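Just so you know, these numbers come straight off a predicted model, no measurement behind them. Counting begins at 1 with the first residue of the sequence.
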Amino acid sequence: MFRIFKHFVAVSVLIALIAILSGTARANWLETFDGNTFDLATWQFDCYPDLTKSFTAAIKDGPDDNDYITMDETSSADVGGSQFGVGIGDPGDEFTDVRVGAEFNLTGKDSWNHHGLAARITYFTDDGSITGYPGIIASCYVLVMHQEEGPANLKIEIIKAVNLSDDIMAEYQPEVPVPGLDHARSHYFELDVVGSDPVYITGSAYEYKGGPLLVRTPTFVDTSANDSWETPNIHDDVFTSGSSGVFGMWIAPQPAGYHGSFDSVSSDSDGPAAVIPSPDDEAIDIPVDTALSWIEAEFATGRELWLGKAGAMEKVDPAPAGTTYTPGNLEIGQTYEWRIDQVGPSGTVTGHTWTFTTVEYVIVDDFESYTSDEGLRSVWVDNIDEPGVEYVLLAAGENNTMRFEFQNQFDPYFTQATRTFDGPQDWTARSVETLSLSFIGEHENMEHLMYLTLEDASGQSFRIETFPHACQTDSWRQWIIALVQFSDGGVDLTSVKKITIGLGDGTASGQGGDDRDHIYIDQIILRPAG
């Protein structure tokens with residue numbers, strides 16, 4: 001239906017400049033409608049087009065004097081009834097970062113009509129001389145909620161409504177179904193808008209105010225450039241500020257008009273939550289050394305970070321000084337929860353809880369970061385320095401591996417490559433118990449003893465050996481070594497400084513002439529047991 005609305009207005013109106021309201025007080029407000037009166041004396045209700053004069057907004061009696069407001073259009077659009085109606089809580093009060101919230105009753109004819117919360121509304125009233133019809137002309141960010149397909153199909157979506165544009169009337173994001181079936185009743189909805197360029201817009205639906213979250217839209221990112229969701233080479237600037245309110249909309253012949261019931265409408269400049277978490281919410285395979293980052297609302301002068309395994313978040317002390325934080329002690333294969341509570345002049349605003357799951361292993365070296373053979377050899381340094389004899393380490397293949405060549409028919413009759421870490425590595429902090437590497441050789445290779453050595457920062461080392469015929473495998477193998485073997489051998493696993501991979505036992509291998517044997521090595525990783 002909203003697509004029809006977009007087309008209808010696009011052919012009904014002309015290009016014009018949206019008038020920007022004056023005033024920047026941004027005083028938070030709450031409208032309860034209780035006592036059958038307005039808490040705000042500044043409400044403005046208007047519609048477009050205003051031809052039949054059948055659009056009304058009125059407070060209705062609720063139980064125990066818990067009153068509410070309805071916005072009603074009784075005439076259908078095809079006979080001149082308004083296509084949409086707007087209620088603006090305080091037209092003279094502009095908000096930048098803002099949370100607009102309201103209870104909305106989804107019953108009866110409201111199952112069909114589209115309704116929403118609007119933020120950063122800019123508008124003017126046309127007497128008909130601009131568009132040909134009298135009524136309010138408005139632009140804003142909107143959270144739409146509707147049951148157009150019946151109460152079993154409650155959906156919400158974010159739109160950018162741009163009136164008087166010949167190209168984009170309403171740019172919308174995909175509809176998000178609300179889980180569950182019990183939706184023929186009231187729910188609580190929130191619209192958060194944060195930032196100036198980009199602007200981040202997020203919608204949420206709750207069972208009731210302060211109750212369980214039902215669903216949240218992906219955060220819609222709007223910039224003043226030509227965004228991917230806009231027509232190529234056409235764009236509309238972001239909306240940087242404006243008023244807050246509610247609206248109703250419907251243009252299909254049946255049911256006629258639109259009918260919506262709102263209660264407890266609010267607009268809070270210190271309400272919107274932090275957005276754009278990194279890692280993304282529900283992300284998987286996140287490195288254990290990942291850094292967390294987020295974007296805060298303009299009111300935030302400080303923050304509290306909560307972080308922990310799922311179900312066990314704890315407040316981080318001291319709090320991050322900015323909008324990034326590196327935990328440094330994450331475990332592999334664990335799901336973590338975290339949130340940012342923003343601290344501002346009015347107190348602390350609780351944020352959304354996000355989750356991510358770490359990788360099932362810790363990469364020591366997967367050889368993907370090297371862009372040249374020289375770069376690889378500068379990190380993995382071999383022990384052969386005799387002139388005229390080349391012992392090379394090569395990056396090879398679409399996914400890099402290390403090609404390790406050796407001529408152990410020559411003195412010193414063994415070849416090894418050593419990586420020295422920039423700083424000592426603590427291999428006990430990740431709940432890992434094994435070190436593994438993947439390798440493949442060739443069955444034509446001679447036998448060469450294969451070994452791996454760890455050395456700690458104090459110079460204490462220990463070597464583990466495997467079969468001399470291991471290098472003859474022509475299938476990829478994993479060599480898995482229990483880390484306790486190194487610690488039992490005296491290596492301090494909290495301070496690992498070097499890792500060495502070698503082939504040869506110090507005696508001639510039997511290779512002929514200048515023959516070179518080789519293996520490929522990949523995925524040196526730390527894992528839990530099993």
Side-chain angles (χ1 to χ4, degrees), residues 287-291 326 328 359 361-427 430 432 435-442 445 448-464 470-471 476 478-479 481 486 491-504 506 509 511 514-526:
V288 292
D289 59 353
T290 190
T326 302
V359 294
Y361 51 83
V362 177
I363 296 174
V364 177
D365 202 329
D366 61 3
F367 304 100
E368 299 304 318
S369 62
Y370 306 108
T371 58
S372 66
D373 296 342
E374 291 75 14
L376 178 60
R377 288 194 290 265
S378 70
V379 174
W380 288 88
V381 180
D382 66 59
N383 65 314
I384 305 302
D385 56 6
E386 293 185 11
V389 180
E390 294 183 5
Y391 295 87
V392 295
L393 305 173
L394 298 174
E398 182 177 344
N399 296 310
N400 288 350
T401 62
M402 179 168 68
R403 178 183 170 95
F404 187 10
E405 298 184 351
F406 37 90
Q407 293 180 297
N408 288 337
Q409 66 270 43
F410 302 119
D411 184 65
Y413 308 114
F414 68 90
T415 308
Q416 64 185 31
T418 299
R419 175 176 177 178
T420 301
F421 298 110
D422 293 337
Q425 307 290 300
D426 184 357
W427 285 7
R430 311 296 188 187
V432 294
L435 172 67
S436 72
L437 64 85
S438 299
F439 68 95
I440 186 173
E442 283 190 345
N445 286 342
H448 302 264
L449 179 69
M450 186 172 177
Y451 59 89
L452 188 147
T453 302
L454 292 185
E455 182 178 323
D456 63 27
S458 69
Q460 182 67 39
S461 65
F462 191 75
R463 182 166 111 171
I464 303 293
C471 66
W476 279 100
Q478 274 195 325
W479 182 14
I481 307 170
F486 295 107
V491 176
D492 181 3
L493 293 177
T494 68
S495 184
V496 178
K497 185 63 176 176
K498 296 181 180 181
I499 180 172
T500 297
I501 302 169
L503 288 105
S509 64
Q511 294 168 266
D514 289 333
D515 187 37
R516 296 185 182 186
D517 288 347
H518 70 272
I519 63 173
Y520 289 90
I521 298 171
D522 200 1
Q523 291 293 322
I524 306 173
I525 58 180
L526 299 170

Compare every heavy atom of [Y] with every heavy atom of [X], then report the nearest pair and how far apart it is.
{"X": "Y520", "Y": "R403", "result": "OH-NH1, 2.6 Å"}
{"X": "F367", "Y": "L376", "result": "CD2-CD1, 3.8 Å"}
{"X": "D365", "Y": "W380", "result": "OD2-NE1, 3.0 Å"}

(message) A side-chain contact here means heavy atoms from C-beta on lying under 4.5 Å apart; do D456 and F486 qualify?
(response) no

(request) Would you mind reporting whether D289 and T326 have side-chain heavy atoms less than 4.5 Å apart? (result) no

Taking the side chain from [X] and the backbone from [Y], do they hold a donor-acceptor pair closer than 3.5 Å?
{"X": "N408", "Y": "L503", "value": "yes"}
{"X": "Q478", "Y": "S436", "value": "no"}
{"X": "N445", "Y": "H518", "value": "yes"}
{"X": "R419", "Y": "V364", "value": "yes"}
{"X": "S378", "Y": "G375", "value": "yes"}
{"X": "K497", "Y": "F421", "value": "yes"}

(request) Scan side-chain atoms only and decide if Q460 and S458 contain a donor-acceptor pair under the 3.5 Å cut-off. (result) no

